[in-house]
Protein chains: 2
Amino acid sequence: MTKRTLFTREHDYALRIAAYLASFNKDEIISVNELSTKLRISKIFTARIVHKLRIANITGAVQGKYGGVFLKSPAENLSVWDVINAVGTDIKINECLNEHYSCELLFGCKFHHMFHSVEKILIDRLKQEKISNYIFHQIK
Amino acid sequence: MTKRTLFTREHDYALRIAAYLASFNKDEIISVNELSTKLRISKIFTARIVHKLRIANITGAVQGKYGGVFLKSPAENLSVWDVINAVGTDIKINECLNEHYSCELLFGCKFHHMFHSVEKILIDRLKQEKISNYIFHQIK
DNA sequence: TTTAATTATTACTAATTTAGTAATATTTAA
DNA sequence: TTAAATATTACTAAATTAGTAATAATTAAA
């Protein structure tokens with residue numbers, strides 16, 4: 001049976017990275033190498049995701065030797081939805097919820113409203129869930 | 001920006017087909033041609049989806065000349081989730097919810113529980129939503 | 001000043017999935 | 001016997017995902 005998920009591996013990895021960074025103090029910077037090793041993500045893929053998080057203003061970075069990354073804001077202020085969005089994929093329950101979608105059905109289709117309603121429940125929940133609730137208690 | 005949906009076009013089309021069939025009495029049989037034209041789905045794709053609905057025991061079919069298909073049960077007893085499942089794609093919010101997934105993280109990952117909880121809310125809702133609420137009021 | 005270690009950035013690739021088409025077999029009313 | 005319909009399997013192009021490769025830019029330390 002074919003499988004389909006709403007979130008990609010990249011979304012999952014972005015959440016891991018945010019949750020891992022949230023276990024450190026703001027003045028500690030963590031290398032991509034450490035993130036990659038501890039979170040079981042390839043180094044290059046980790047670097048790319050970390051970069052996206054920085055573009056989204058979720059992480060900051062110190063470049064150069066002994067550089068690394070850190071969360072810019074307290075994890076209490078960072079939601080799961082924020083991190084999901086930083087990856088830059090337009091996530092919808094169904095295609096008819098896309099911004100420029102025009103439904104080809106001539107008579108009223110009530111599914112649109114249902115999809116919209118269900119999606120709203122999902123997104124509102126992900127906005128409420130803060131990364132501070134998902135901090136990894138790993139051996140440092 | 002790349003787009004991603006939980007449901008595919010095929011899921012959407014399956015729902016259209018079920019909702020369209022629900023607007024007829026049980027003794028009326030509707031041809032794939034009619035479904036295809038009214039619902040703006042290619043004839044062949046329509047036939048394939050209709051076939052899947054029959055395999056899932058959602059529709060019945062009368063073969064041969066003047067044949068067609070019909071809903072086997074009242075639309076009040078048919079949920080959106082039933083129709084989604086008939087398409088035969090294993091739908092999950094996140095990959096870690098798949099049956100044989102083993103998480104590679106050594107320390108506890110709390111996201112799994114959250115994904116599970118959110119997915120349950122979504123699926124329970126889709127089970128509650130009956131096709132009878134989505135009947136198309138088209139010009140027959 | 002040079003080197004090493006690190007993040008930044010863009011381009012590429014193989015595998016998978018989706019969305020749809022093509023072709024043919026089977027069934028049944030007329 | 002024929003025509004019109006569903007049944008069934010196989011194929012295909014485009015898009016997406018997940019990941020790799022390569023190189024540039026930056027900065028602490030030797």
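Since the model is a prediction, treat every value here as computed from it, not as a measurement. Every chain is numbered from 1 and lettered A, B, ... according to where its sequence line falls, protein lines coming before strand lines.
Aromatic ring pairs are classed by plane angle as parallel below 30°, tilted from 30° to 60° and perpendicular above 60°; the pair B:Tyr134 and A:Phe111 is parallel.
Contacts of B:Phe7 classified as ring pair (Phe, Tyr, Trp, His ring centres under 6.0 Å), with partners at least two apart in sequence or in another chain: A:Phe115, B:His11. Every residue was checked against the ring pair (Phe, Tyr, Trp, His ring centres under 6.0 Å) condition with A:Phe70, not counting sequence neighbours, and none meets it. In this structure, A:Glu99 has no salt bridge (Lys or Arg N to Asp or Glu O under 4.0 Å) partners at least two apart in sequence or on a different chain.
The side chain of B:Val32 approaches D:dT6 more closely than any other nucleotide in the set D:dA29, C:dT6, D:dT6. When distances are taken from the side chain of B:Asn33 to each of D:dA7, C:dT9, D:dA5, the shortest belongs to D:dA5. Nearest to the side-chain atoms of A:Ala61 among the listed nucleotides C:dA8, C:dT9, D:dT6 stands C:dA8.
Separating the CZ atom of A:Arg40 from the C1' atom of D:dA18 is a distance of 19 Å, rounded to the nearest angstrom. In this structure, NZ of B:Lys52 is placed 13 Å from C1' of D:dT9, rounded to the nearest angstrom. B:His11 has its NE2 atom 14 Å from the P atom of C:dT17, to the nearest Å. Atom P of nucleotide D:dT8 and atom CD1 of B:Ile49 are separated by 16 Å, given to the nearest angstrom. The CD atom of B:Glu95 sits 11 Å away from the C1' atom of D:dT17 (whole-angstrom rounding). The NE2 atom of A:His51 sits 13 Å away from the P atom of D:dT26 (whole-angstrom rounding). As a whole-Å value, the separation of A:Ile30 CD1 from C:dA5 P is 19 Å. In this structure, the CG atom of B:Leu6 is 11 Å from the P atom of C:dT18, given to the nearest Å.
In this structure, B:Val87 shares a hydrophobic cluster with no other residue, the cluster being traced through Ile, Leu, Val, Met, Phe, Trp and Tyr side chains under 4.5 angstrom apart.
Distances shorter than 4.0 Å separate some side-chain N or O of A:Thr8 from OP1 or OP2 on D:dA18. The side chain of B:Thr2 contributes an N or O atom lying less than 4.0 Å from OP1 or OP2 of D:dT17.
Comparing A:Tyr66 and B:Glu10 by the nucleotide of DNA chain C whose heavy atom lies nearest to each, the residue mapping closer to the 5' end is A:Tyr66.
Pairs engaging residues 37-65 of chain A under the ring pair (Phe, Tyr, Trp, His ring centres under 6.0 Å) rule: A:Tyr13-A:Phe45 [sequence neighbours left out].
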Determine, for nucleotides 20-28 of chain C in 5'-to-3' order, which nucleotides have protein heavy atoms under 4.0 Å from the base (write B), from only the sugar-phosphate (write S), or from neither (write -).
BBB----BB
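Between B:Leu53 and B:Ala86, the closest heavy-atom pair is CD2-CB, 3.8 Å.
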